[in-house]
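Some notes on the structure that comes next.
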Amino acid sequence: MTPTSVSYRRIYVWELPVRAFHWINAAAITVLGLTGFIIGHPFSVAYTQEASFQYWFGTVRFIHFLAGYIFLINMLMRIYWGFVGNAYSNWKEFIPTSRSWIGDIKEVLKVDILQTSVHGPVHVGHNRLAGLIYFGTFWMFLFQALTGFALYAPMSRLFVGKLATWIVPILGGDQNVRHLHHTMLWFYVAFAIVHVYLVFYHDYVEGRGTTSSMVGGWKFEREDYLDKH
Amino acid sequence: MSVSGDSLWITMREKGYSRREFMQFCSFAAATIGLGVQGKAEVAKAFEQKQRPPVVWLHFQECTCCSESFIRGSHPIVADILLDSISLDYTETLMAASGHQAEKSLADTIKKYAGKYILLVEGSVPTGADGVYCVIGGRSAAQILEEAAKDAAAIVAWGNCASYGCVQAAKPNPTGATPIQELVGKPVIQVPGCPPIADVMVGVITHILLFGRPPELDSRGRPKEFYSRRVHDTCYRRPYYDAGLFVESFDDDHARKGYCLYEMGCRGPVTYNACAVTRWNDHTSYPIQSGHPCIGCSEKGFWDDGPFYRHLPSFPGFPIEATADTIGAALGVGVAIGVGAHAITTNIRKRPVIQETQAESVSEPTDKKKVD
């Protein structure tokens with residue numbers, strides 16, 4: 001094959017608040033998922049002592065609630081950044097608004113599912129399919145935060161939990177809220193597997209440094225593609 | 001049955017109760033609705049002076065466990081006096097009259113005391129098949145409720161049936177059992193529970209008699225004084241929950257030690273009721289104290305959220321043993337397999353991708369202008 005001269009330019013895509021959001025969110029979800037699973041399925045530890053001398057389940061719940069607050073505040077920060085950040089972090093990046101956008105999504109689906117080669121430019125920020133998925137994921141985050149804080153409200157004196165209690169009658173009582181909150185844990189498990197895999201996959205087939213971009217913020221794009229964006 | 005109009009104290013005196021017994025009853029009633037020491041005098045004054053409002057107690061689709069609970073109120077006077085003396089002008093279970101006489105009594109009360117009587121409803125109203133599933137004296141439950149509710153001063157829904165439909169409303173709800181709140185265009189005081197706690201029922205009635213208005217209600221129509229706290233948060237076994245000490249099967253050592261029943265499917269954490277505070281049967285015990293997990297009988301939909309002895313309910317639309325976790329785990333494994341298969345095919349097809357990227361890479365060192 002004859003070498004073709006292709007030069008790349010680096011683009012600062014993910015600003016620090018976006019990267020910070022991503023990793024804080026990832027850590028919070030991991031902690032919430034693990035502690036949440038333990039709360040749903042308390043396992044047998046330390047049955048040798050009387051209740052007065054141990055508090056491990058309370059501690060697990062405390063960590064869950066703390067991580068929940070971090071998750072919520074972090075999410076609110078990201079929403080704010082969607083209005084003041086750079087073009088790649090803007091809220092408009094997540095909602096398909098044009099016909100070409102739909103075409104882009106189809107193209108990404110072909111690459112992901114039919115495993116066709118990537119030809120031509122892929123959107124520099126989130127690819128268009130990813131953007132749409134993250135838009136849906138945001139609603140899932142919101143749902144999990146609402147149901148979580150609604151369940152937390154009876155044991156909290158802070159106003160935050162009470163802001164979410166309106167969802168309880170809509171979902172038909174605490175039992176259903178708890179059930180849905182628990183079920184959603186598995187959405188996060190499935191999401192994490194697919195998300196991590198697709199990052200590696202796209203990094204590989206596109207060769208633009210997708211994985212490292214969430215650490216350093218830089219992505220790489222062919223110069224001859226830059227005009228086409 | 002005594003005539004409406006006398007005060008509670010007069011009726012009690014006629015029945016041979018002493019002043020001391022009356023005052024004991026007043027302090028009990030004041031304590032139940034959370035009034036404290038000062039409230040005792042207020043309650044006594046109200047029971048001495050206020051005319052007892054006439055009460056109509058209707059029974060629809062139910063098992064009468066609410067009535068059974070009520071007549072077992074902690075204070076002996078409750079059964080004898082309150083039930084009798086609140087001037088129960090109509091109640092299928094306890095009235096002496098029957099047949100046309102009884103129906104006339106209901107019609108008379110509704111007419112005579114329009115806008116004054118308190119309507120207590122036990123049971124849900126079947127709306128399926130034009131209401132044929134519950135017909136009393138030739139009229140359907142819905143018709144009776146409509147007439148009785150029109151001029152009621154206050155409406156109380158006794159128990160889970162009247163509040164949420166209860167077991168009759170279990171999927172697929174063949175009789176179309178409907179909570180009364182959905183049928184009357186008025187605010188209803190919801191007193192859920194299967195049955196509600198006797199002292200809670202007495203408390204609600206005392207509150208209405210005393211203040212002439214319903215107690216403070218939460219967003220779902222339940223009196224806050226009894227339904228604002230979860231069984232879990234008032235449970236005496238709560239420390240075991242925080243300590244992570246759980247009963248893992250009935251009759252194991254942990255059950256004997258009285259550990260938390262969370263893993264046995266206890267619905268205490270999702271149930272709002274006063275069981276752990278007032279307890280049952282003259283403040284003797286409540287289900288958890290007797291070693292049985294709470295089944296959440298005062299919550300909407302508890303009848304469909306089974307099995308009761310499992311923490312996670314069955315997942316609707318899936319086989320009966322499937323919980324969110326079995327489905328979720330299957331989903332997770334499915335996704336992992338899919339991702340693995342995808343990775344394998346990607347590797348099989350990697351040659352063209354590598355060639356392409358290598359073709360690009362070769363030119364890189366010679367490319368001088370590519371400095372940012």
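Chain letters run A, B, ... following the sequence lines, proteins first, then strands; residues in each count from 1.
- You'll find the side chain of A:L32 stays beyond 4.5 Å of the side chain of A:Y188, heavy atoms only.
- Interface remark: of the candidates A:F200, A:F187, A:Y197, A:Y197 forms the most heavy-atom pairs closer than 4.5 Å to chain B.
- With a threshold of 4.5 angstrom between heavy atoms, B:T345 approaches chain A through its backbone and through its side chain.
- Here A:P42 is the residue among A:G40, A:P42, A:G173, A:A192 with the most heavy-atom pairs under 4.5 Å with chain B.
- With a 4.5 angstrom heavy-atom cutoff, B:Y164 does not touch chain A via any of its atoms.
- If you measure heavy-atom distances from B:R238 to chain A, the contacts under 4.5 Å come from the side chain alone.
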Should B:Y272 and B:Y227 be marked as a ring pair (Phe, Tyr, Trp, His ring centres under 6.0 Å) after you check the CA-CA gap, both sets of side-chain angles, and the distance that decides it? CA-CA 5 Å; B:Y272 293 80; B:Y227 293 95; 9.0 Å; no
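- If you measure heavy-atom distances from A:Y55 to chain B, the contacts under 4.5 Å come from both the backbone and the side chain.
- Donor-acceptor pairing under 3.5 Å is lacking for the side chains of B:S163 and B:N160.
- For the set A:S52, A:A190, A:P169, A:P154, the count of heavy-atom pairs under 4.5 angstrom toward chain B peaks at A:P154.
- Ranked by non-hydrogen atom pairs under 4.5 Å with chain A, the options B:A329, B:G301, B:G332, B:G334 are led by B:A329.
- Interface summary for chain A: among B:F302, B:Y241, B:Y262, the most heavy-atom pairs under 4.5 angstrom belong to B:Y241.
- Side chains of B:D325 and A:W186: a donor on one and an acceptor on the other come within 3.5 Å.
- Side-chain contact between A:E221 and A:R9 is absent, with no heavy-atom pair separated by less than 4.5 Å.
- Taking CG from A:L198 and CZ from A:F191, the interatomic distance works out to 9.5 Å, rounded to the nearest 0.5 Å.
- Proximity to chain B is absent for every atom of A:V177, based on heavy atoms less than 4.5 angstrom apart.
- Under 3.5 Å, the side chains of A:H126 and A:Y134 contain no donor-acceptor pair of N or O atoms.
- Between the side chains of B:H292 and B:Y286, no donor N or O sits under 3.5 Å from an acceptor N or O.
- At a 4.5 Å heavy-atom cutoff, the contact between A:I39 and chain B is made by backbone and side-chain atoms alike.
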